[in-house]
Number of protein chains: 2
Amino acid sequence: MATIRDVARMAGVSVSTVSLVLHQPHRVSEPTTARVLQAVDALRYRPNGAARDLRIRKTHTIAVFLRDLSGPFYSELIAAVERATSALGLTLIVSGRSTDHRQGSLRLLREGRVDGAIVLDPEISWAELAAYSGPHLPVVVLNRMLPAPLESAYLTAVAVDNEGGGYLAGRHLLERGFVHPAFIAGPVGSETSQWRQQGFFRAYEEAGISPTRVAVVHSDFTEPGGIQAMDALMARRVAMDAVFAANDEMALGAMQVLTAPKSPPVRVAVMGFDDIRLARYVRPTLSTIHQPMDELGTLAMDLLARAMGGETRVPPRVLTTTLVVRESTTLLHPT
Amino acid sequence: MATIRDVARMAGVSVSTVSLVLHQPHRVSEPTTARVLQAVDALRYRPNGAARDLRIRKTHTIAVFLRDLSGPFYSELIAAVERATSALGLTLIVSGRSTDHRQGSLRLLREGRVDGAIVLDPEISWAELAAYSGPHLPVVVLNRMLPAPLESAYLTAVAVDNEGGGYLAGRHLLERGFVHPAFIAGPVGSETSQWRQQGFFRAYEEAGISPTRVAVVHSDFTEPGGIQAMDALMARRVAMDAVFAANDEMALGAMQVLTAPKSPPVRVAVMGFDDIRLARYVRPTLSTIHQPMDELGTLAMDLLARAMGGETRVPPRVLTTTLVVRESTTLLHPT
DNA sequence: GTCTCAGGTCGAAACGTTTCGATTACGATA
DNA sequence: TATCGTAATCGAAACGTTTCGACCTGAGAC
């Protein structure tokens, strides 16, 4: 690989002149510029990125941390982030964490390989994030609400109003006359799931129905998990006329067991959360709470860009959800 | 940020010793090691990635180039690549190409920011790839067949047997008695689509049915595109009893117009290609040709790793597809 | 008592840029 | 003619590592 020095030698100028030609063309005379450019061409010179990063102390790269790239929710979100990133001319590193776990993935932050990060992995703690973020390394957390008294000025968040979304779901089921709901929650510690549950319960409480009478079963946000959870509810012979799942994937699973030919002919409404693309295709189509994924991704990148531009204490943002009524809470599994 | 020099000063040793402690611990005495480690800890020292890359001339990073991260096919594929990558402890840069177009995306290769690349973008030409790949920068092309006489020793490919898949689709439709198929192709230049078409036609030719009698309409591999294509076929009043689309997304679109309430009650079988997740959920469920996406992704990363390890002329690989029969070629749209 | 040798440590060069301040040449100004 | 300003170019330092060869020290071999 040709270096800038080779170019300089070939063009008969100093290294600094070559660099000037490349970055501040107006500062060097016409003929010299021509000679240099010609040499660049002849030698196929390409500036070395690492060297520049080292000198400049900027990478123009951001990282996205996620648990797993698969799953429609995350993949739709990350697609939006990718679009925003490349629109800004930045490079995007995606880091799952199959093997490495903690150590390995935040390495990118530690080694200063990125100028900023977007965090989608729900298992990376706020403490860790606060520790790693800093004046030259802002972080925005996507899909989680920033705990109010968080001290770092370089950490912010964008999320959806999960509590409000849960409430919307509850109201809708109530309006349709479903008074014995069950709730399929996410993993026990999941903030997201807890907020959705809280909003959901609030709706029922307002209607005079005690949440303590709502059956709750925990699962893992996946479709097979939803199947298991629904099976468990059935096995417990819970009396219910509707089930609200903390995300669409689990709702899909639940619906599968409800519409399975062998299952008893109960009529149970199903409601999800996220509005992934699948929700429109499955039969019956799935009523759900819509998250503006595109906007979430774009906004996250937007906040990050501002923080990277030096702005400090960028305020977190909360987007609102909307109710999407489809067949699963209307027609009751017409198969 | 603390540098290695700060650590050295604090521990009262030379810079080189610190580096030794970090990388070849056995070469330095017990007590010194302890002092150094303690300083590392106290100063929160983290080695700077760019500096190391510069010195070492390795980045442990690979790039994936794609047209667009959205779309289930690519996102499933890239999820597999991501898993394989992080299992190997490498970092993954994904680069779509919204704005930059050519110039911008291959920048990663030019600037030596990656040690290897996987190319998913069908619009990057072989010539370009051959030009950029090299002894220290192997490239594997995913989802395209390597043209036989390609000269670069650092370029290889993994793809699925598209011709064979198309043939499978044709055979299946024939066995079911569909003798008037139409074909919804990809964009005019698409290699992939051409292979699938060729295999499909071969099956019909073998059965004594001339492909010239098969209606072909081009589209763009998207669902809306499929809708348009199907509309066009209907408008042309093509006599057909089956339609084979070059990918599942377009098949989904086609099926939508066929099952639309307002459409005339024709009975047309639909067959896709890819076996994306949606194919199992849509009603009627979509018969299709299965691509082993997971294996494709893993294998691509595998070949790349071998090439990065110095192996030259890694032979390209072709995986086989399998037929997946579902409702769309069996029951004919029972609403 | 000298010679070897190995273990432990160090200094300095190198990786390829960017950028700051200095130097030169030369026409314009007083 | 002496002075100044400006445009063009350059040299050298700095970014933070890794690594090679050299150096020192003390212990064991003869």
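Proximity of A:Arg52 to the phosphate of C:dT18: a side-chain N or O atom is located under 4.0 Å from OP1 or OP2. Dashed line: the shortest gap from a side-chain N or O of B:Thr17 to OP1 or OP2 of C:dC10 is under 4.0 Å.
A straight line from CD of A:Gln24 to P of D:dA8 spans 13 Å, rounded to a whole angstrom. The CG atom of A:Leu54 sits 10 Å away from the C1' atom of C:dT18 (whole-angstrom rounding). C:dG16 atom C1' lies 13 Å from atom CG of B:Asp53, rounded to whole Å. Look at NE2 on B:His26: it is 13 Å from P on C:dT9, rounded to the nearest Å. Put simply, CG on A:Asp6 is 9 Å from P on C:dT17, counting in whole angstrom units. The CG atom of B:Asn48 sits 13 Å away from the C1' atom of C:dC15 (whole-angstrom rounding). When the P atom of D:dA12 is taken as reference, atom CD1 of A:Ile4 falls 16 Å away, rounded to whole Å. Whole-Å rounding puts the B:Met1 CE to D:dA14 C1' distance at 19 Å.
Minimum heavy-atom separation, A:Ala300 to A:Val140: O-CG1, 3.8 Å. Pairing each heavy atom of B:Ser95 with each of A:Glu82, the nearest pair is C-OE2, 4.0 Å.
In terms of position on DNA chain C, the residue among B:Ala51 and B:Glu30 whose nearest nucleotide sits closer to the 5' end is B:Glu30. Annotation: of the two residues near DNA chain C, B:Leu20 and A:Ile56, the 5′-most nearest-nucleotide partner is B:Leu20. Each of B:Val15 and A:Val13 has a nearest nucleotide on DNA chain D; the 5'-most of these lies closest to A:Val13.
You'll find a donor-acceptor pair under 3.5 Å spanning the side chain of A:Arg55 and the base of C:dT18, going by distance alone. A donor N or O paired with an acceptor N or O is not found under 3.5 Å between the base of C:dG8 and the side-chain atoms of B:Ser29.
Sparse packing is recorded around CZ of B:Arg317, with 12 or fewer heavy atoms of other residues, nucleotides or ligands lying under 6.0 Å away.
Checking C:dT9, C:dT17, D:dT19 against every side-chain atom of B:Ser19, the shortest atom distance belongs to D:dT19. Among C:dT17, D:dG16, D:dC10, the nucleotide with an atom closest to any side-chain atom of A:Pro47 is C:dT17. Here the nucleotide nearest the side chain of A:Ser14, chosen from D:dT17, C:dG16, D:dC10, is D:dC10. Residue A:Arg5 places its side chain closer to C:dG16 than to any other of C:dG16, D:dT17, D:dT9. For A:Thr3, the side-chain atoms get nearest to C:dT17 when compared with the rest of C:dT17, D:dC10, D:dC15. For A:Tyr45, taking side-chain heavy atoms from C-beta onward, the closest of the listed nucleotides C:dC15, D:dC15, C:dT17 is C:dT17.
Side chains of A:Thr17 and A:Ser14: a donor-acceptor N/O pair is present below 3.5 angstrom, by distance only.
Between B:Asp53 and B:Arg113 there is no salt bridge, since none of the side-chain N atoms of the basic residue sits less than 4.0 Å from a carboxylate O of the acidic one. Salt bridge status for A:Arg46 with B:Glu111: absent, with no side-chain N to carboxylate O gap under 4.0 Å.
Using a 4.0 Å heavy-atom cutoff across all strands shown, A:Arg27 reaches at least one base atom of the nucleic acid.
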